[in-house]
Number of protein chains: 2
Amino acid sequence: MENKLPTIKEIAKRLNVSVSTVSRALSNHPSIGLRTRTRVQELAKELNYEPNTKAIFFKQQKTFIIGVILPYIKEEFFSEAISGIETAAMAHDYTILFGQSFDDTEREKKVLEAMKKQRVDGLIISLSKYTNNFDHLATLEKYDIPVVYFDRVPPFENAHKVYCNLYKGTIEMVNWLFSRGFKRIGFINGPDKLLATHERLKGYIEGITKKKLKVDMRLVEQTDLSRESTYKAMEKLLALKQPPEVIITFNDYVHLDVMQYARQHNLKINEDIFFASYANLPITSYTAFPPIASIEQYPYKQGEKAMEILIRIINDKLQHANVAGKYYHEEIDGLVMINKDFELNQDSIKN
Amino acid sequence: MENKLPTIKEIAKRLNVSVSTVSRALSNHPSIGLRTRTRVQELAKELNYEPNTKAIFFKQQKTFIIGVILPYIKEEFFSEAISGIETAAMAHDYTILFGQSFDDTEREKKVLEAMKKQRVDGLIISLSKYTNNFDHLATLEKYDIPVVYFDRVPPFENAHKVYCNLYKGTIEMVNWLFSRGFKRIGFINGPDKLLATHERLKGYIEGITKKKLKVDMRLVEQTDLSRESTYKAMEKLLALKQPPEVIITFNDYVHLDVMQYARQHNLKINEDIFFASYANLPITSYTAFPPIASIEQYPYKQGEKAMEILIRIINDKLQHANVAGKYYHEEIDGLVMINKDFELNQDSIKN
DNA sequence: TTGTAAGCGTTATCAC
DNA sequence: GTGATAACGCTTACAA
């Protein structure tokens, strides 16, 4: 049976009171008499009344919906992140409108349009890899829809951002590798377009320079993150007269590809050559040879933080707080996580 | 600058016409004169007017939002599925409201509440593993919110469902294993609560029975899908006087755990023992020893199909088509996907 | 303590 | 051809 959702009007009619009385009774307005209040609330419960939030939001010009746009939810980093976003959102009664860009700027625009149409209260975006024109994002500012970027953040300052500091993390990683006796540290970095690529490189160079050593750029290769491109980078590194003793890869997915390469070329991993990486994703723990160290980027925390900042912005806006020109830049420090098995092995060798 | 979104009213005022004229002009109503129409449309474009869908939906009692509730987006199966859902939704101008149950019935209820509050036009749900009380879902029917379940579907008939037929798939798998010379086929099945567990078992038994062989239930163990439980199942199977030559695991995640176990116990995989699985997830291709065969369950296609069915239901409802008591049950056949490397090896042995 | 009425942005139904 | 108005469900001044 089509059981139409009851409205405030319906209740009012049945009880022979006005809609405003019902409205106030339901929201426990102090001016409503106890008798009327209980009568209304009882009937409401009986009819399973639920306020039509759409009508409320429409009136309040608020949807309690946050749009989230990610490149690929398939990547564990992002599925972790959205869980943090979701949990924080739920704690503040927001719901998540979800869309993927699939690293395609056109798709990103389309999703953005859809979310604008839905009048989201705000957006959390991790940009597509190839987005280098930011006009579609500028319109958001124009219409006063707050956006918090995370992880893949835009290069300009005038934006709210949450991201992981990979510069510091990379320095730490290089330090740790030196402390473990590695001298020739190879690096398969990501594509030039990504900010993250430059951060990592800066950290790598700084880490080595700090040790009063000279940076050998032949040890640094790049991949566009495709398997083929990664294989090529590996080939080049291994073809060097003095190949690296350890290779840091751009992220855990590159690491996985590199492991495939190593297996196919019968390299003895953790004997002939060692690998370190970024991201510290759970999947790597299933593989035969996880990275000896991986920089944890805390995706869940990043997502949570982004959501919290967004809610703060929205609330500031609602209270007409004067926050023009104030941008949140939240930096989370990437932490070098060391593979336990590797650590144990090393220790037993030392003793 | 706070650039408020322009409304139809705003345009009307500026052009000294009525709102209804503007409304009609924008929707190309035939009764509007060409001059007025162009004037309106030009100003609309100039002001970047975008209809407030919230107001329209509010009036039409429609949101163009579909709620999607999944157990864990982290699982590749579900992140594939939601991509199918999203793509199909986009093609019909729907947007996705997203929530995870984290296999927790209470959380599932909460998410469901939030989506009901948002007045979604429909829902796509893959149930939490532990959901065995369906009252919270019954209220949806009562309020006439259509639901399509997929993959983890409820056990009753009166529901729209999309799922993969694992009964047939399992029979096929058993057949293929026999054809490859395997006689003792072990099975690590999932928890009893899951429908999928029973389907797989039925297929396993049928597959063996069809070969006029007797089913040896000592070869069938169960796991609650935790790593510990899977390890125990492995122990039991390997402790048998006649241990299995090949083991089918409940899904690729169980497979990954089993591989860890095998590695820790120095089993020679694809020599001493072989493994087959369900799901055919991309991650397994990164591992040293992917399953020799895995039943593809087409998560993307399942998601797409679920969305398409849901839209059909919504449209039927809108046209007041009399579809009471009619339920869609879409079955996709699981297909045995054979690992290429294994196939090549086998062939070279044969020759 | 309760009721009346305006308003949120849009569309549809009347009029003119 | 165009305009006025009601309606969608709800909140909230303002009246009573």
Side-chain angles (χ1 to χ4, degrees), chain A residues 3-41 43-44 47-65 93 116-121 143-144 318, chain B residues 3-41 43-44 47-65 93 116-121 143-144 318:
Chain A
N3 208 327
K4 282 274 167 270
L5 288 164
T7 69
I8 218 173
K9 208 187 231 170
E10 176 87 18
I11 297 179
K13 208 193 294 171
R14 292 221 199 186
L15 258 40
N16 258 315
V17 293
S18 74
V19 284
S20 39
T21 304
V22 176
S23 171
R24 284 186 276 234
L26 288 171
S27 53
N28 281 314
H29 195 281
S31 77
I32 295 295
L34 185 63
R35 266 192 55 78
T36 346
R37 191 204 318 253
T38 39
R39 280 205 320 147
V40 168
Q41 293 188 345
L43 183 57
L47 296 178
N48 270 313
Y49 167 78
E50 283 183 51
N52 185 335
T53 44
K54 283 286 167 281
I56 300 173
F57 301 163
F58 168 51
K59 181 162 173 51
Q60 297 179 345
Q61 295 289 64
K62 199 162 180 314
T63 57
F64 275 95
I65 294 178
D93 286 318
K116 244 167 52 190
K117 259 196 193 158
Q118 289 287 356
R119 293 292 202 274
V120 293
D121 287 340
Y143 293 135
D144 211 34
L318 243 55
Chain B
N3 208 329
K4 283 274 167 266
L5 289 164
T7 68
I8 218 173
K9 209 186 228 170
E10 176 88 19
I11 297 179
K13 208 192 294 175
R14 292 220 200 187
L15 258 40
N16 257 316
V17 292
S18 76
V19 284
S20 30
T21 304
V22 177
S23 173
R24 283 186 279 235
L26 288 171
S27 53
N28 282 314
H29 195 281
S31 77
I32 295 294
L34 185 61
R35 266 191 55 76
T36 349
R37 191 204 317 253
T38 39
R39 282 207 318 148
V40 168
Q41 293 188 347
L43 182 58
L47 295 177
N48 269 314
Y49 168 79
E50 284 183 50
N52 185 335
T53 44
K54 282 286 166 283
I56 299 172
F57 300 163
F58 167 52
K59 190 167 167 44
Q60 297 180 343
Q61 295 290 62
K62 202 163 177 312
T63 57
F64 275 94
I65 294 177
D93 286 318
K116 244 167 51 189
K117 261 196 191 160
Q118 289 287 355
R119 293 292 201 274
V120 294
D121 287 341
Y143 293 135
D144 211 35
L318 242 55

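All figures in this text were calculated on a predicted structure; none of them were measured in a lab. Every chain is numbered from 1, with letters handed out A, B, ... down the list of sequences.
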Q: Out of C/dT1, D/dG3, D/dC10, which has the shortest distance to the side chain of A/Thr7?
A: D/dC10
Q: Rounded to the nearest Å, what distance is computed from the CZ atom of residue B/Phe57 to the C1' atom of nucleotide D/dG9?
A: 17 Å
Q: Which of these nucleotides, C/dT2, D/dT2, C/dT10, is closest to any side-chain atom of B/Lys59?
A: C/dT10
Q: So which nucleotide from C/dT4, C/dC8, C/dA12 ends up closest to the side chain of B/Ser20?
A: C/dA12
Q: Between P on D/dT2 and NE2 on B/His29, what's the gap in Å once rounded to a whole number?
A: 12 Å
Q: Output the single nucleotide from C/dT10, D/dC8, D/dC10 whose closest atom is nearest the side chain of B/Phe58.
A: D/dC8
Q: Let me see the working for B/Val40 and B/Leu15 under side chain to side chain contact (heavy atoms under 4.5 Å, CB included), right down to the final yes or no.
A: CA-CA 8 Å; B/Val40 168; B/Leu15 258 40; 3.8 Å; yes
Q: Closer than 4.0 Å, any side-chain N/O of B/Gln61 to the OP1 or OP2 of D/dG9?
A: yes
Q: From the list C/dT2, D/dC10, D/dT5, which nucleotide is the closest neighbour of the side chain of B/Val19?
A: D/dT5
Q: Separation of A/Asn52 atom CG from C/dG9 atom C1', in whole Å?
A: 15 Å
Q: I'd like to know whether A/Thr63 forms a side chain to side chain contact (heavy atoms under 4.5 Å, CB included) with A/Gln118, so could you lay out the CA-CA distance, the side-chain angles of the two residues, the decisive distance to 0.1 Å, and finally the verdict.
A: CA-CA 8 Å; A/Thr63 57; A/Gln118 289 287 356; over 6 Å; no
Q: Give the rounded distance in Å between these two atoms: NZ of A/Lys117 and P of C/dT10.
A: 13 Å
Q: Among C/dT1, D/dG9, C/dT10, which nucleotide sits nearest the side chain of B/Tyr49?
A: C/dT10
Q: From the options D/dT2, C/dG3, D/dT11, select the nucleotide whose nearest atom is closest to the side chain of A/Ser23.
A: D/dT11
Q: Expressed as a whole number of angstroms, how long is the span from A/Leu15:CG to C/dT2:P?
A: 11 Å
Q: Using 0.5 Å steps for rounding, measure from the CD1 atom of A/Ile8 to the OG1 atom of A/Thr21.
A: 9.5 Å
Q: Quick one: B/Lys9 NZ to C/dT11 P, roughly how many Å, whole number?
A: 14 Å
Q: Which nucleotide sits closest to the side chain of B/Arg24: D/dT2, D/dC14, D/dC10?
A: D/dT2
Q: Measure CD1/B/Ile8 against C1'/C/dA12 and give the value in whole Å, please.
A: 12 Å
Q: Centre of B/Phe64's six-membered ring, under 6.0 Å away, within 45 degrees of the axis: is that where NZ or CZ of B/Lys62 sits?
A: yes
Q: If you compare every side-chain N and O of B/Thr36 against the phosphate oxygens of D/dT2 (OP1, OP2), does one of them come in below 4.0 Å?
A: yes
Q: In this structure, how many angstroms lie between the P atom of C/dC8 and the CD1 atom of A/Ile56, rounded?
A: 18 Å
Q: Measure from the side chain of A/Thr21, starting at C-beta and using heavy atoms only, and say which of C/dT10, C/dT2, D/dC10 lies closest.
A: C/dT2
Q: When you measure from the side-chain N and O atoms of A/Ser18 to the phosphate of C/dG3, is any distance below 4.0 Å, counting only OP1 and OP2?
A: yes
Q: Distance check, rounded to the nearest 0.5 Å: B/Lys54 atom NZ versus A/Lys117 atom NZ?
A: 11.5 Å
